[in-house]
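Data first, discussion second: the structure below is written as structure tokens.
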Amino acid sequence: MSRNLIVCISFFVFSTVYSQPASQLNSVSRPKIIVGIVVDQMRWDYLYRYFDRYTPDGFKRMLREGFSCENTMIPYTPTYTAPGHACIYTGSVPAINGIIGNLWYSRALGRSVYCMEDNSVRTIGSNSNAGKMSPRNLWTNTITDELRLSSNFRSKVIGIAFKDRGSILPAGHSANAAYWFDNSTGGWITSSYYMEDLPAWLKSFNDKKLPDQYLKKDWNTLFPISTYKNSTKDSNAYEGNVAGEDNTFPHIISTITSNKYNTFWYTPSANTYTFDMARATIEGEELGTRGETDFLAVSISATDYVGHGFGPNSIEVEDMYLRLDRDLADFLKYLDQKIGKGQYLAFLSADHGVAHVPEFLKENKLPGGGSDIPDIMMHLNNSVDSAFGVKKAVINISNYQIYTDAKAIRDAKGDAGKIKDFIIQQLLTYNEITTAFYVDKITEVAVPEQVKNMLINGHSQKLSGDIQFIFKPQWFEGGDMGTTHGLWNPYDSHIPLVWFGWNVKAGKTFRETYMSDIAPTIAAMLHIQMPNGSIGKVIGEVAQ
Ligand SMILES: [Zn+2]
């Protein structure tokens, strides 16, 4: 190293260190706990759609005292639950973190795989199979892993959600625990990936059987039903139902005896119970009160169940958000008391949004529809058979991608290239399909750059299918009832992102930010390494 360079580096170090205020020299300031709150299927517009009847202390408090990134977009497609939770906590996208859907087709196994499945582990806390899950399919680490690494594993990290994928992915690989809800016991379980026995505090919490208490109450509207002016009428043929019940208020759940815990997922009490569990975890593990920065990752699942069944224009969704707002207010008050105002860093976001119910749109002369994917698959296979004499050339359709069966085509001495070209032409005959192309030729296809980037970010050469197809806006895989999400469009990809508490200034930005920016922003605020697959950018405006 030349002498000049040494002088230069010395000067740089000297000037950098001594330009900082004295208070920053001796210690790095961090919050006592970080609380991540992901609301499953919460569209950004729900912050404002129901604003007038939110309390001052829930969503409104976060918006008033915190920092809102008003244009936060998901940077990839498909926009499903597992990729969403993975992106928030890894700062990464499916192409890098390997979570390309909730489910995808495995050519190696010859079947669909579930993102969290892991047959090498056992359920802890129940005799069901619901605990045979782990983060092993996640290729990257998470901000929660980086927090553990940064503190030499003194920081505790725990994930909580009714859905296993809403709990496991946020908690990362090195988590102390991830807990999810078990329908057979009505309590919280985990897997042997994390531990051999539930902690004593959780056994006593499960023993309280709170879901049984909650299920004794029927679900009626918080306000008189006539005042739900942001929603369409209560009963519609295109509405799904609360499991085991029907589609109108009051939802009589107190008399349901069979599979009652399945029904529980569709009620606002499931959200309240998730916050009960969050409080019990903080108490049981002494999170945020041990002199280390801990991380509690909470995901709210019932919003997704009710959203799928009833859609964004339903009284059910409106009422659920009004009640969730009250739960959120109580939880923030609890954190103020337990951890201290300004001592915890919280963020609220969502894993994806949702489309309107197509039948509701049709009723109002708006375009859209549900596409019957199994029917498309049958049609494609019949057409290929007639034209080329190859049976079952399409083996699977997942995440709007066609997986062809190379072996079936080879065995029947078919020309794979010609068959795939033929499939693309067949796909384009469907009214709802605008574009179909070879997945690995994406850079050559004439689709707008923004959509192209989202598709590239969602594509894995190892895991994805052969042919991608794109729908017209407001079309998706589905039937005549309910709705879903999973595409590139803004209703699916525009999510809330509100920061609150420690070191967060009050304000907002309309600058476009991304779901993948959340993890690197936390890393920057904490002065720790960003996750190992992160491609997000720090949202500098958030911090004071
Ligand atoms: Zn979801």
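Numbering of ligands and ligand atoms starts at 1, following listing order.
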*Give a yes or no on this: more than 12 heavy atoms of other residues, nucleotides or ligands lie within 6.0 Å of atom CG of Asp480.*
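No, not enclosed.
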message = Looking at Lys537, I'd like to know if its NZ atom is crowded, meaning that more than 12 non-hydrogen atoms belonging to other residues, nucleotides or ligands lie closer than 6.0 Å.
response =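 At most 12 heavy atoms, drawn from other residues, nucleotides or ligands, come within 6.0 Å of this atom.
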TODO: Would you indicate whether the side-chain heavy atoms of Asp330 and Leu328 approach each other to under 4.5 Å?
DONE: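 They are not in side-chain contact.
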Is any NZ, NE, NH1 or NH2 atom of the basic residue among Arg279 and Asp276 found under 4.0 Å from an Asp or Glu carboxylate oxygen of the other?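 The answer is yes: the pair qualifies as a salt bridge.
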Point to revise | Option passing side-chain hydrogen bond (donor to acceptor under 3.5 Å, both in side chains) with His352 (candidates Thr81, Asp492, Thr484) | key: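 Testing His352 for a side-chain hydrogen bond (donor to acceptor under 3.5 Å, both in side chains) against Thr81, Asp492, Thr484 leaves exactly one candidate, Thr81.
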Below the 2.8 Å mark, what number of protein N, O or S atoms do you get around the Zn ion (ligand 1)?
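Of the protein's nitrogen, oxygen and sulfur atoms, 4 lie under 2.8 Å from the Zn ion (ligand 1).
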So, does Tyr76 use its side chain to make a donor-acceptor pair with the main chain of Pro83 at under 3.5 Å?
->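 Flag set: sc Tyr76 to bb Pro83 pair under 3.5 Å.
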